[in-house]
*Asks:* 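There's a structure below that I have some questions on.
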Amino acid sequence: MSIYDTLNERQQEAVYHMDGPVLILAGAGSGKTRVLTHRIAYLIEQKRVNPWNILAITFTNKAAGEMRDRVDDIVGFGSESIWVSTFHSTCVRILRRYIERLGYGNNFTIYDTDDTKNIMKDICKRLQIDTKTLKERTLLSVISSAKDSLISPVEYELKAMGDYTKQRAAQVYKEYQEVLHKNNALDFDDLIVKTVELFKTCPDVLDYYQERFRYIMVDEYQDTNTAQFELIHLLAGKYRNLCVVGDDDQSIYKFRGANISNILDFEKVFPEAEVIKLEQNYRSTQTILDAANAVIRNNVERKEKALWTEKGEGDQIHFRQFDTAYEEAEFIAGEIGKKKKYGKAEFRDCAVLYRTNAQSRILEERFIMEGIPYDVVGGVNFYSRREIKDMLAYLKTIDNGRDDLAVKRIINVPRRGIGATTILRVQEYADARGLSFYDALREADQILSIGKSAAKLKPFVMMIQSFRSKLEYYSLQELMNDIIETTGYVKELQESDEEDAEDRIQNIDELVSKVVAYEDSHDDPSLSEFLEEVALVADIDGVDAEDNRVLLMTLHSAKGLEFPHVYLAGLEDGVFPSYMTITSDDPSAVEEERRLAYVGITRAKEDLTITCAKQRMLRGETQYNPVSRFVREVPGELLDNKPQIFKKKTDFEEYRETPESRARFQTAPYGGNYAGAPSQAADWRPKAVVKPKRTDPENKPFIAQGIGSLAGVAGLSKGAGTKQASLEYGIGDRVRHIKYGEGTVLNIVDGPRDYQVTVLFDKAGQKIMYAAFAKLKKI
DNA sequence: CGTACTAGTCTTTTT
DNA sequence: GACTAGTACG
C-alpha cells in the first residue's frame with residue numbers, strides 16, 4: 001500500500017500527471033492541498049525529480065507554512081530544498097539577488113500602505129493636485145491596478161490621452177515611481193512587477209530560474225492577477241510543467257486585481273493543458289454542500305461543477321433573525337458557550353465570520369461578557385500600530401539610510417524639538433544636491449537655512465551612526481533594547497498618562513519577542529531579512545491553532561480554513577452583500593459577493609449557523625436591512641427557520657423595538673448565559689439598545705414612500721446617514737441647521753444615495769449638503 | 001515648536 | 001462612531 005492509495009481517482013489523476021500544464025479545478029474541501037503535497041512527493045520519489053527543481057507558490061505565509069510542514073512530513077529527506085513560498089517572498093528573494101540590474105540597490109525597503117499614503121500626500125502637494133476631487137487613496141488604487149495589470153507609467157500616460165484626470169494620474173504615477181526609486185523602495189505591487197521586468201530585460205536571469213524551477217505549482221490560482229500570471233507564465237515558459245490549483249467559485253480578490261480569466265482561460269493560454277475537476281468534498285455535510293451549491297448556482301460567470309460528499313446529510317442549517325445586532329451577538333456567544341458547556345464543541349472548533357472588520361466589536365463585547373476566549377484575525381495589523389511602526393522605522397533607518405520616510409518618521413519621535421520647518425529645509429537641501437534625506441542630515445552644519453536647529457540634528461545623526469556601528473557586533477535583540485533604552489521611547493510611554501500607554505509598551509515587548517524568535521529560527525539572521533519578513537506578514541499568519549479560542553474574522557480571512565462549527569453573522573442585504581455592490585451597476589460585483597458567501601458556507605464541517613439583525617449600527621447610524629439575498633437563495637428545507645421577508649411598511653414598523661419585543665427576547669430560549677460567565681452578564685446591555693432616532697421634531701414616524709419592493713426597504717433608514725424616502729421640507733421652506741442656523745431651501749436634487757439640498761443661510765451663506773448629514777429641521 | 005481642539009471623512013474585502 | 005488631518009493658540 002502506498003501513500004497514494006488514500007487518494008480518490010480524480011486526485012490520483014492529478015498527482016500522476018507530471019509533464020505539461022495541468023489545471024486542477026478543486027472545489028472547496030476537495031483535498032487540494034493533499035493533492036499538491038502528494039504530487040510533490042510523487043515527483044521526487046517516483047520521477048526522481050530533484051527537490052531543488054520544485055517551486056510551490058501560495059498567497060499567504062500561513063498557507064506556505066502549512067504546505068511546508070506537510071511536504072516535510074511526506075517527503076522527508078531533501079524536502080528542505082523545495083522552494084515553498086508566497087508570491088511576494090519569492091519575488092523578494094529573486095530581487096534581493098538581481099534588482100541591481102534594474103538600477104535599485106539590493107537592500108531595497110518594502111513600503112506598506114501607510115508609507116505609500118505618505119508618499120502620495122507629498123506628491124499631491126508638490127504637483128498641486130486638488131485632493132478634494134482626486135483623493136490620495138484613489139490615486140493609489142489607480143496606480144495599484146495599473147501595476148497589477150503590468151501597465152507602466154509611460155503606457156499609462158499614452159492611454160490617458162485626452163482625459164485630463166487620467167493625465168494627472170499618469171503624472172502622479174510617474175512621480176510616485178521616481179520617489180520610490182529614489183528612496184530605494186518598492187511597494188507590494190512592485191515586488192511582482194519588478195520581478196517580471198527583471199525577467200523580461202535579463203534573459204540570462206530568466207533562464208537561470210527557468211532551469212531551476214522545472215516543476216511549478218500554484219495554489220489558489222483563482223486569486224492571481226495579471227502580473228502574477230505573467231510571472232508564472234515566464235517561469236514556466238521553458239519546461240511548461242505548470243500545475244495550478246484553484247476554484248473559480250472562490251475568487252474573491254477582484255478588488256486586489258485578481259483576474260478570474262486567468263483560471264477561466266487557462267486552456268486558451270496552455271492549449272495542451274489537462275483539466276481535472278475535484279468535486280468530492282471531504283469537509284462538510286451534504287446539507288451544507290447543498291446550500292453552497294444552491295447559492296453559487298446563481299452566478300453566471302463560472303465553470304459548472306457541483307460538490308458532493310459521502311458524509312451524511314447532517315443537521316439542518318440554523319437560521320435566526322434578530323431585532324438588533326446586540327441580540328445577534330448575544331445569541332452567537334450564548335450558543336458557543338452552551339456547546340462548550342455541554343461538551344459538544346471546544347472553543348477552537350468555532351468560528352464567527354462576517355463581512356467587514358467593523359462587525360467584530362459588538363461580538364467581542366459580548367464574548368467578553370460571557371467569558372468566552374476569542375481571537376480576532378485582522379483589523380488593525382500588529383505591524384501597522386504606531387509604536388511598532390516607530391520601532392521599525394528606527395530599524396529601517398539603521399539598516400538603509402536611503403529610506404527617507406523612515407527617517408522622517410522618527411527624527412522627532414520621541415520629541416527632540418525638530419519641527420516641520422527644519423525638516424522642510426533639510427529636504428530642500430537634499431533635493432538641491434541629490435542627496436537622501438539622511439545624508440543631508442549628516443551635513444546639517446552646512447545647511448545655512450536652518451540656523452541653530454542644526455544643533456538639534458547632530459545628536460540624532462550621532463545616535464543613528466552609533467547604532468549602525470554597533471550592528472557589527474550586536475545581536476538584533478541587543479540592538480532593539482539599545483534603541484528602546486537610548487531613545488527613551490518606552491520611558492516616555494511609562495510617564496505619559498495616555499490611556500493605552502500600557503498596551504503600547506506590551507506591543508513593543510511583543511516586537512522584541514518577535515525579534516528573538518526570528519533570531520532563534522534563522523541560521524544567519526540579519527536586520528534586512530527581519531525587516532523584510534515583517535513587511536510581508538498577513539493577518540492570518542499569526543493565527544495559532546493551538547489556542548483554545550473562538551476565532552472571529554472576515555470572510556476573506558477565512559478562505560482556506562475549516563471549522564466544525566461556523567457562524568455567519570450579519571447576513572443582510574446592505575451588509576452582505578454590501579451596499580456598495582448592491583447599488584453598483586456592475587452585476588459581477590454581486591457575483592463576487594456571492595462567491596464570498598460560498599466560501600463562508602463551505603468553511604463549515606458539521607454545523608452552520610446563519611444569523612442576521614433587522615437593525616444595526618453602521619458608520620454610527622442605525623440601518624434597517626432585509627435578510628440577505630444569499631439566505632433567500634438557500635432552499636427552505638435546508639433551514640430550520642425560514643427567513644421572514646419584509647415588504648410592507650407595517651412589517652417595517654415591527655423592526656422598531658417595543659417593550660414586548662424586548663421581553664420576548666429576554667425570555668427567548670437561546671437568550672441564556674453560558675455557565676461560568678460573570679454574574680453581571682445577565683444585566684449586561686450594550687450602551688445603546690437602539691432607540692431609533694427621529695429626524696422629525698414632532699416625533700412622528702417618518703413618511704415612507706415607495707416601500708413595496710425589497711430594494712426600497714434596503715434603502716430605508718430612520719436616522720441620518722442613509723437616504724430617506726422623503727424629506728419633511730421642500731424648496732422655499734425655512735429650515736434650521738445645527739451649525740449654520742436658519743436659512744431658506746433653494747433647491748433639492750434627488751441623487752442615487754441621498755438628496756442634495758441647497759440652502760441659503762441667513763448668516764453662513766449658500767451651502768450644498770446631503771440631507772442625511774445636514775439634519776435640517778423645518779421651522 | 002508643541003498642544004488641543006475641531007472639522008471632515010469614511011467603510012467593503014488585503015498581499 | 002472612530003479616526004485623522006488641519007488649524008488655532010500658547
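We use all heavy atoms of the structure for the numbers below, so side chains are in, but hydrogens, waters and symmetry mates are not. Letters go in sequence order (proteins before strands), and every chain restarts at 1.
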*Asks:* Considering only nitrogen or oxygen atoms on both sides, find all protein atoms under 3.5 Å from nucleotides 2-4 of chain B and state each distance.
*Replies:*
| residue | atom | partner | partner atom | Å |
| --- | --- | --- | --- | --- |
| B:dG2 | OP1 | A:Asn412 | ND2 | 3.3 |
| B:dG2 | OP1 | A:Gly417 | N | 3.3 |
| B:dT3 | OP1 | A:Arg415 | NH1 | 3.4 |
| B:dT3 | OP2 | A:Arg415 | NE | 2.9 |
| B:dT3 | OP2 | A:Arg415 | NH1 | 3.3 |
| B:dT3 | OP2 | A:Arg415 | NH2 | 2.9 |

*Asks:* Suppose you measure atom P in C:dT4 against the same atom in B:dT13; what distance do you get, rounded to whole Å?
*Replies:*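 Roughly 15 Å separates the two P atoms.
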
*Asks:* Say whether, by atom type as modelled, one donor and one acceptor occur between the side chain of A:Thr422 and the main chain of A:Ile418 under 3.5 angstrom.
*Replies:*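 No.
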
*Asks:* Over how many whole Å does the gap from A:Met580 atom CE to B:dT13 atom P extend?
*Replies:*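 So the CE-P distance, A:Met580 to B:dT13, works out to 10 Å.
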
*Asks:* Roughly how many Å is it from OH in A:Tyr598 to P in B:dT13, rounded to a whole number?
*Replies:* 24 Å

*Asks:* Can you tell me which nucleotide in B:dT12, B:dT14, C:dG6 comes closest to the side chain of A:Arg355?
*Replies:*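 For the A:Arg355 side chain, the nearest candidate turns out to be B:dT12.
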
*Asks:* According to a strict under-4.0 Å criterion, is A:Ser578 in side-chain N/O contact with OP1 or OP2 of B:dT13?
*Replies:*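 For B:dT13, OP1/OP2 do not have a side-chain N/O of A:Ser578 under 4.0 Å.
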
*Asks:* Respond yes when some side-chain nitrogen or oxygen of A:Arg361 is under 4.0 Å from OP1 or OP2 of C:dA2, and no when none is.
*Replies:*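 True: A:Arg361 side-chain N/O within range (under 4.0 Å) of C:dA2 OP1/OP2.
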
*Asks:* Let me know, please, whether A:Thr421 or A:Glu592 comes out on the 5' side of the other along DNA chain B by nearest nucleotide.
*Replies:* A:Thr421

*Asks:* Please give, in whole Å, the distance from B:dT11 P to A:Ile582 CD1?
*Replies:* 18 Å

*Asks:* Using only atom types and a distance under 3.5 Å, with no angle test, would you say the side chain of A:Ser628 pairs donor to acceptor with the backbone of A:Asp573?
*Replies:* no

*Asks:* Starting from P on C:dA5, measure out to CD on A:Glu136 and report it in whole angstrom.
*Replies:* 9 Å

*Asks:* Are A:Phe255 and B:dT13 stacked, counting the six-membered base ring, centres under 5.5 Å, planes under 30°?
*Replies:*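 Whether judged by distance or by angle, A:Phe255 passes, so it stacks on the base of B:dT13.
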
*Asks:* Given atom NZ of A:Lys559 and atom P of B:dT14, what is their separation to the nearest angstrom?
*Replies:* 12 Å

*Asks:* Identify whether any heavy atom of A:Phe188 sits under 4.0 Å from a base atom; if not, whether one sits that close to sugar-phosphate; answer base, sugar-phosphate or nothing.
*Replies:*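 Result for A:Phe188 = base.
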
*Asks:* Verify, without hydrogens or angle tests, whether A:Glu593 (side chain) and A:Ser578 (backbone) share a donor-acceptor contact under 3.5 angstrom.
*Replies:*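 Yes: the side chain of A:Glu593 pairs with the backbone of A:Ser578.
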
*Asks:* Between B:dT15 and A:Arg256, counting only base atoms on the nucleotide and side-chain atoms on the residue, is there a donor-acceptor pair under 3.5 Å?
*Replies:* no

*Asks:* Is the NZ or CZ atom of A:Arg256 positioned over A:Tyr253's six-membered ring, under 6.0 angstrom from the centre and within 45° of the axis?
*Replies:*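 Geometry flag: set, cation within 6.0 Å and 45°.
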
*Asks:* In whole Å, I'd like the distance from the CZ atom of A:Phe576 to the C1' atom of B:dT11.
*Replies:* 16 Å

*Asks:* Report yes if a side-chain nitrogen or oxygen of A:Thr113 is closer than 4.0 Å to either non-bridging phosphate oxygen (OP1 or OP2) of B:dT14; otherwise report no.
*Replies:* no

*Asks:* Rounded to whole angstroms, how far apart are CD on A:Gln250 and P on B:dT14?
*Replies:*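 A:Gln250 atom CD is separated from B:dT14 atom P by 16 Å.
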
*Asks:* Would you indicate what A:Thr86 reaches in the nucleic acid, counting non-hydrogen atoms under 4.0 angstrom: base, sugar-phosphate, or nothing?
*Replies:* nothing

*Asks:* So that I know where these two stand, are A:Phe199 and A:His233 an aromatic pair - ring centroids less than 6.0 Å apart?
*Replies:* no

*Asks:* Who passes ring pair (Phe, Tyr, Trp, His ring centres under 6.0 Å) against A:Tyr489, sequence neighbours left out?
*Replies:*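 None.
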
*Asks:* Taking the minimum atom-to-atom distance to the side chain of A:Thr356, which one of B:dT13, B:dC10, B:dT14 wins?
*Replies:* B:dT13

*Asks:* Under 4.0 Å, heavy atoms only, any strand: does A:Lys135 hit a base, just the sugar-phosphate, or nothing?
*Replies:*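 Answer is sugar-phosphate: A:Lys135 comes under 4.0 Å of backbone atoms only.
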
*Asks:* If each of A:Arg137 and A:Tyr253 is mapped to the nucleotide of DNA chain B with the nearest heavy atom, which maps nearer the 5' terminus, i.e. the 5' end?
*Replies:* A:Arg137

*Asks:* Going by the angle between their ring planes, with limits at 30° and 60°, are A:Phe59 and A:Phe87 parallel, tilted or perpendicular?
*Replies:*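 The arrangement is tilted - the two ring planes meet at 30° to 60°.
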
*Asks:* Using 4.0 Å as the upper bound for N to carboxylate O, is an ion pair formed by A:Asp223 and A:Lys559?
*Replies:* yes

*Asks:* Expressed as a whole number of angstroms, how long is the span from A:Asn259:CG to B:dT15:P?
*Replies:* 20 Å

